[in-house]
Structure formats: C-alpha cells, structure tokens
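One structure is given below, encoded as structure tokens.
What you are looking at is a predicted structure, and each value in this text was computed from that prediction instead of being measured. Reckoned from all heavy atoms, side chains included, excluding hydrogens, waters and symmetry mates.
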Amino acid sequence: MNSLWLTAKLPVADWVEKITDWLTNNWAGLFNVLQVIGQKLMNGITNGLVAVPPFVFIIILTLAAFVISKKRWGLTLFTLIGLLYIYNQGLWQDLMNTLTLVLLSSVLSIIIGVPTGIWMAKSDKAKAVITPILDFMQTMPGFVYLIPAVAFFGIGIVPGLFASIIFALPPTVRMTNLGIRDVPKDLTEAADSFGSTGWQKLTKVELPLAKGTIMAGINQTTMLALSMVVIASMIGAPGLGRGVLQALQRAQVGVGFVNGLALVVLAIIIDRFTQYLNQPKANRKPMTAKEKKTHRQKWFAGIVAAVVVLVGSGLINTHTNQAAQTKGTVNLAYINWDSEVASTNVIAQALRQKGYTVDLTPLDNAVAWESVAKGQSDAMVSAWLPNTHKAQYNKYKKDLVNLGPNLAGAKVGFVVPKYMTNVNSMTDLTDQANKTITGIEPGAGEMAAAETTLKTYPNLKGWKLSASSSGAMTAALSKAYAAKQPIVVTGWSPHWMFSKYYLKYLKDPKGTMGKSENINTMVRKGLKQDQPEAYKILDNFHWTTKDMESVMLKINKGEKPQQAAKDWIKANQSRVNAWFK
C-alpha cells in the first residue's frame, strides 16, 4: 500500500491547468482591463520616447551620464558611442520598446518590492511566509512565467511586463528586508527613546541607513528585468530581444551579435546609472528642512512633468498616426520559420500597397494559433495542414476561419544530402549521423511526427531526435554538407536549402511523416465584417513553391525580409494585383 502511494503520480499538471482555467474564466474582465490599460500606457510611453528626436535623446542622456558620474568621461563617452551605435544599426525603435519594458517593470517591481521588504523586516511571520515564495519566484525558469502570462493577457508587451515583474521582483524585496534589519539597534532604540513614531523611525532612520542595500537590490531588479527581454519576445513583446530571438532561430550570427551588443550597451548604461546614484554624496552644507522639502518638490515636479510630456506626446503621436490611416491596421502573426517569414512579409507588403498599416508578430507555433483564435492577431498565413498543425487546428478550429491554401504541394519529411547514396528510405537508416535526427523547435508539428516515426520503424530503435531551431538545423546541415558528412534532418519544402544544396527526401513507406500538405491562411472570426477588403486580399493570396523559395533564398543571403518581399512583388505585380480583385 505504501509503495503504491509512493509510486502514484500526483496530477500536479492537471491542478495547475484547472487553477489557470478558473482564473482565466472568472477573472477575464479584470485581465482584459489590465491588458488594455497596460497596452495604452506602454504604447504611450514608447511613442513618447520615439517622438523625441534620437540625437536630442542621445545628447540628454550623455549629459545626464556626465552629471551623474560626477564629470567622469568614461561613462559619458560610453553612453554617447553606445547610443550612436544603436541608432546607426537601425535599432532605435527596438531600443525604445525595450527601454519601456525595462523601466516600467522595474518601477512596478520597486513599488511592490520596497513595501513588501519593509513588511518582512517588521514581521517575522511575514518573513516566514514570503521567503519561500521569493525562493520559488527566483528559481523557477523565466520561460515558465510566459505560460500564465499568455493565458491571462494574450500576446504582446503586457504579458512580457507581467512575466518580467514576477522574475525581477525578489531582489528588491530581499535587499529591503536585509537593509532594514541590518540597521544598528542602538540607533533605532535612540529613535524610540526620543519618542519617534513608527513612521518617523522608518523614514528618518531605517530607510536612510538602508538606502545603499535597497539600491543594490533595485540595481539587480533592473538587470533581471532586462534579462527577460529576449524571453518575453517569444510571446510577442517587441524590442531588441525579438532581434536576438530571430537571429537564434535562423542561426544568423551577425544579426544576433548586433542586437546582443545593443542589449549589452543598454545594460551597462542602466547598471552604471543606478550604481552612481547609490554612491555617497560629496560633503556639502546640510540643507534645512525647508530646503529639503523644496528640493523634493522640484524633483517630484520634474519627474511628473517628464512623464506627462512623454505620455502626452506619445498619445498625440498615436492619434496623429491613426488619423492619417485610411484603412486601419492588420495584425499578422507568424511562426519564425524561413518559409513563414517569406510568406508573411509578402502578404504584409501587398496589404501596405492598399493603404493598410501591418504589424508583424513572430510567435511560437502554439501561441500563434492561440493569438488568432482569441482575436489578438487578425490572421496568419502559416497553417500547415492536414498533418503538421493538425493538433492546433483541431483545438482552435471553432474559433478560426480557414480561408484555404495559399500554397499547395508542401512537404515534410526526413531529408539527407544526395551524397548519402546508400540511404534512400527510412528503412535504410542504420547507424548514420550518430543515430541522430537533427530537428527544429520542440513545439513544431513535424517534431511530433518525427517522434512517431522513430517509434514506428524498428530499424530506428536507439535513434534520438535532437530538438533545436530551424536556424540551428540549417547551420548543422551546412556544416555537415561542407565536410561531406552524413546528416539526417527534419526538413520541409518550400525551403531555400533545396535551392542551395543537393538534398533528397527519404521515402516513408509507413507514411508517419504525412503526405503532401498545403499551407493555409487562417483569420480571426469577425475580420470579414471589420475589414472586408483586407479579408478579401488574404482570401485571394496564393503563390507557388518556386515563388516562396526565391524570396527565402534572398533573405538567407542577407537581404532584409521586407526588402525581399518588395523585390518579389515588384517582379510579380500583375499577379499581386489579382489578389486585390
């Protein structure tokens, strides 16, 4: 009996799912309000920052670095050169998005964390309860926070903010508690002996003496918030993290380095600013109580004025942009595969020709489907059916409109170089490529099919499926191909690798990888009524495998996706015009 109890699996996953579903269903109204308010606030801040001319912003921040660092040239020159580098690389908009996410998540973490840390310092019972919660928040992988964030707030910058706050909050709480508890007892007893109230003791003695420790915690909170930027981009949060993630998924070392270096620049600037703010002030004449009050009032007024100007200019800028739009905005979600990057940018460019503003959001496979089903995205043109995305389609088809294929004759399977002449079928595989299938993202439908394939073919017993990303897969293929080494990958067509390398599909006698597929267009319910012309263009969109591979190959050679899409449309304008009829 005891052994049965010990070996029985607790349904923890089911419990968490039920709790999440209950919160999502019963608190949906609150989450929607928070999502709308958060989106407007963060868009307002970002637009306000973008509204400031980049060179003016750079000069102001450089002067601030000079003043804060007490006229030292190291931080000043680094700030100037670093920000100029980011602007030169065309990453200014991404920098402002990242800065909004980091600043707001840090501020909210401080607003929550400092009072919580004070509570822990004043109450041993509170400390006993809160400490294990903080342990949980700090040790849980940041990726896990994305799951409830998407369930509660959908995609975009708001769920990224939610996940960042949870991940970044603990250091401020812990260091505030530590700083107050480390205040010498003789000083607090002296304050008590002079008849100080609890509030006076806290504000006049404990917080000033604990300031250094608390600021160290705030510094760590800010750095943790910045570290969540790349993770948050997986659920649609814009910014520098999106560029890093896309470079990782496509194995673009140069692009990844450019975006990564921009993040390093921002991290160093923020870190040095907070460190200098925490340094003791130089000896100077003490201010009277009245002077201190006036000083605080000036700082408060300055901060409020800056926030009002930024948010106000952002809202004005947003309103102006909306007024200039004649046909509204279309939000397209896509999976960060080379094929879907090509197709999504082409249809986006076609919609722009007709006067639409188009926002593109790269998402994980499952999140992309969910975003369209929930109406957070208007459409996606990357639904591989009937096999690869069968599970996602069955789950969300009641909440979607399937406009049918935009490309016919797609294929998925195990792919090898043609120089592997002794391998033409899955049944021919024995011990090649170290008995490893090089795969892509774990959530992809073809990875599930590959798992089934390994279990179905007796000769594949002992083989393993190595999950990575589409970019890592093509990088491994390129390396093996150059050395004429055996390699087996999960491949699909259309794909540029078939234009660049001599490859072949392995025959699949048991059909476990599925037969010929179509790439379909999925749109949210209500799009036809809201934006009938955009709906019609999406419905008419179709092209061929050769078309897609030509765009993919240009992108692979270094051309920006939007430019590659423009080039293809320019060469095929008559075909694109047919989508508008």
Quick check on [X]: does its [atom1] atom have over 12 non-hydrogen neighbours (other residues, nucleotides or ligands) under 6.0 Å away?
X	atom1	answer
K560	NZ	no
K390	NZ	no
N402	CG	yes
F580	CZ	yes
Y419	OH	yes

Evaluate the ring planes of [X] and [Y], with Trp represented by its six-membered ring, and classify them as parallel (under 30°), tilted (30 to 60°) or perpendicular (over 60°).
X	Y	answer
H389	W369	perpendicular
W492	H495	perpendicular
W384	W337	perpendicular

- Sort out for me which residue in I37, N97, L161, N47 forms a side-chain contact (heavy atoms from CB on, under 4.5 Å) with M42. L161
- Identified side-chain contact (heavy atoms from CB on, under 4.5 Å) partner of M426 from the options K507, K510, M513: M513
- Shortest non-hydrogen contact between D338 and S470, atoms and distance: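 Shortest heavy-atom contact: OD2-OG, 4.2 Å.
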- Minimal non-hydrogen separation, A450 against L465, with atom names: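 Residues A450 and L465, closest heavy atoms: CB-CD2, 3.8 Å.
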- Query: Would you say the side chains of T46 and N43 form a donor-acceptor pair under 3.5 Å?
  - Reply: no
- Message: Under a 3.5 Å cutoff, is there a donor and acceptor pairing between the side chains of Y457 and T512?
- Response: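 There is no such pair between these side chains.
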- Evaluation steps, side-chain contact (heavy atoms from CB on, under 4.5 Å), between K354 and V330: CA-CA 12 Å; K354 297 300 288 183; V330 177; over 6 Å; no
- Test item: K418 side-chain N/O and Y501 main-chain N/O as donor-acceptor pair under 3.5 Å: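 Not confirmed, K418 side chain does not pair with Y501 backbone.
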- For the residue pair L34 and F162, establish whether any side-chain heavy-atom pair is separated by less than 4.5 Å. no
- Using the ring of Y481 (Phe, Tyr or Trp, six-membered ring only), decide whether K479 places NZ or CZ under 6.0 Å from its centre and within 45 degrees of its axis.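 No, K479 does not sit over the ring of Y481.
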